[in-house]
Amino acid sequence: MDHEKRKTINVNLKMELQYGERNCYLEGNLKLKTDRKNCLSQEDCRKTIRRELKGLGFPADACGTTYLEEGIYYCISEPEHKISITKELYPIIAEKYNTNAANVESNIRSTIEKVWSYGDLQLLREIESTKTDDRIGRPTNGRLIHTLARKVEEGLQEYR
């Protein structure tokens, strides 16, 4: 790995631990090295996803938008893993939000339908390689999640 792709983080650590009636102290410096992919925090990544969704017209207060954000984040955080939307992603999101996979799918679908019906179609179509399903007039849930994940990843490259 190239040096320019690595980031070093120095951490000064001081901890007080209590073991029974004893107080133990741990103090030291740590030097963490990470690759570029891990330099951004989870919150920075999620903010970028929210900003992208808002820019496309997705309402922040819709459950489907929240589930889309979660799906996009999962795709970004597991880039080497081929994700099955129906068998893997929906159940993971459903478990996190204490609902079921069918509800997750339905909320994402209806939110995409609303944005595609009332949003800025030119802007929506400018998303690289977002192809609409001719039968339904909008991209499928999976296609949109993967396309937006790729677009957000490209945007995050600028900050690394």
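Positions are given from 1, in the same order as the sequence printed here.
Taking the salt bridge (charged side-chain N to carboxylate O under 4.0 Å, His left out) definition, one finds that Glu113 meets it with Arg138, sequence neighbours left out. For Glu88, the side chain to side chain donor-acceptor pair (under 3.5 Å) partners two or more places apart in sequence, or in a different chain, are Tyr74, His81. Every salt bridge (charged side-chain N to carboxylate O under 4.0 Å, His left out) that Glu70 has, sequence neighbours left out, goes to Arg46, Lys96. Partners of Pro59 under the side-chain contact (heavy atoms from CB on, under 4.5 Å) rule, at least two apart in sequence or in another chain, are Asp61, Ala62, Thr65, Thr111, Val115. The side-chain contact (heavy atoms from CB on, under 4.5 Å) search around Lys54 returns none, not counting sequence neighbours. When the side chain to side chain donor-acceptor pair (under 3.5 Å) test is applied to Asn100, no partner is found at least two apart in sequence or on another chain.
Remark: Lys47 does not engage Glu69 in a salt bridge, criterion side-chain N to carboxylate O under 4.0 Å.
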query: Run the side chain to side chain contact (heavy atoms under 4.5 Å, CB included) check on Leu148 and Leu56 step by step: do they pass?
result: CA-CA 10 Å; Leu148 289 176; Leu56 292 172; 3.5 Å; yes
message: Please evaluate residues Asn103 and Tyr97 with respect to the criterion side chain to side chain contact (heavy atoms under 4.5 Å, CB included), reporting the C-alpha separation (whole Å), side-chain torsions for both, the decisive distance (0.1 Å), and the verdict.
response: CA-CA 10 Å; Asn103 189 28; Tyr97 291 96; over 6 Å; no
- prompt: So Asn141 and Tyr90, side chain to side chain donor-acceptor pair (under 3.5 Å) or not? Walk me through it.
  reply: CA-CA 11 Å; Asn141 292 4; Tyr90 293 158; 3.0 Å; yes
message: Using the rule given for side chain to side chain contact (heavy atoms under 4.5 Å, CB included), can you reason through Lys114 versus Phe58, listing the C-alpha separation, both sets of side-chain angles and the distance that settles it, and then say yes or no?
response: CA-CA 9 Å; Lys114 286 177 187 168; Phe58 285 88; over 6 Å; no
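Across Arg143 and Pro139, no two heavy atoms sit closer than the pair CD-CB, 4.3 Å. Contact detail for Ala149 and Cys75: the closest heavy-atom pair is CB-CB, 3.7 Å.
Between His146 atom NE2 and Ile83 atom CD1 the span is 6.0 Å, to the nearest 0.5 Å. Atom-to-atom distance recorded for Thr66:OG1 and Asn107:CG is 9.0 Å, nearest 0.5 angstrom.
When each of Ile93, Leu68, Ile92 is paired with Val104, the side chain to side chain contact (heavy atoms under 4.5 Å, CB included) condition holds for Ile93 and for no other.
At least one donor-acceptor pair closer than 3.5 Å links the side chain of Thr48 to the backbone N or O of Asp44.
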